[in-house]
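A quick write-up on the structure given underneath.
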Amino acid sequence: MNRKQFLKTCGFGCMAGMAGVTLLQSCATSQVISQEIRGSDIIVPISDFEKKSDQNTDYKKYVIIQNERLKYPICVFRFSPTDYSAVLMACTHQGAELQVFGDKLQCAAHGSEFSNKGVVENGPANVDLRKFPVLIENNVLKISLT
């Protein structure tokens with residue numbers, strides 16, 4: 001096999017691998033949801049955290065809220081039925097959108113890392129994420145944007 005054939009074969013192999021990963025990720029329960037804004041609050045039904053299978057109800061660790069009025073999404077972490085944390089997914093270093101990895105938020109641009117409560121754990125960012133108050137009423141989370 002010559003160099004050109006080798007590179008072509010490797011390229012097709014990489015593309016097939018990426019397509020497989022994308023397909024598997026799309027089968028997972030979606031963590032990204034669109035929610036309405038009423039006044040200055042985002043309204044999130046607690047049922048958006050539920051993962052039902054057979055007779056069991058499990059809960060997602062987080063959901064990512066999007067709305068066309070928001071420049072960046074908001075990540076809402078669930079710690080218990082009564083304890084939630086909502087943080088803006090904008091890196092405080094240079095404003096890149098963050099990604100969720102497990103219980104952390106990470107910046108792909110420069111490597112900053114934040115806890116699920118928005119606290120800086122690794123720089124270059126040196127300011128915590130913007131946090132939003134969360135109130136629970138009638139099985140609905142109200143995330144105050146003010």
TODO: Test F77 against Y62 for ring pair (Phe, Tyr, Trp, His ring centres under 6.0 Å), laying out the working first.
DONE: CA-CA 4 Å; F77 285 95; Y62 67 91; 5.8 Å; yes
Going only through I, L, V, M, F, W and Y residues with side-chain contacts under 4.5 Å, is there a path from [X] to [Y]?
| X | Y | value |
| --- | --- | --- |
| V119 | I74 | no |
| V140 | F132 | no |
| L145 | I136 | yes |

Can you give me the closest heavy-atom contact between [X] and [Y], atom names plus distance?
| X | Y | value |
| --- | --- | --- |
| A96 | Y72 | C-CE2, 4.4 Å |
| L70 | I65 | CD1-O, 4.4 Å |
| P73 | Q66 | CB-CG, 4.1 Å |
| V100 | C75 | CG2-SG, 3.7 Å |
| L129 | A90 | CD2-O, 3.3 Å |
| A125 | S112 | N-OG, 2.9 Å |

Open item on the list: For the residue pair Q106 / E113, report whether a side-chain donor-acceptor contact shorter than 3.5 Å exists.
Closed with: yes
Task: Crowding at CG, N138 (>12 non-hydrogen neighbours, <6.0 Å) - done: no
With a 3.5 Å distance limit and no angle check, can you tell me whether [X] reaches the backbone of [Y] through a side-chain donor-acceptor pair?
| X | Y | answer |
| --- | --- | --- |
| K60 | D48 | yes |
| D41 | I43 | no |
| D128 | V120 | yes |
| T57 | E50 | no |

Open item on the list: Taking the cut-offs as 6.0 angstrom to the six-membered ring centre and 45 degrees off its axis, would you call K61 and F49 a cation-pi pair?
Closed with: no
- [ ] Would you give the length of the straight line joining atom CG of D58 to atom NZ of K52, rounded to the nearest 0.5 angstrom?
- [x] 12.0 Å
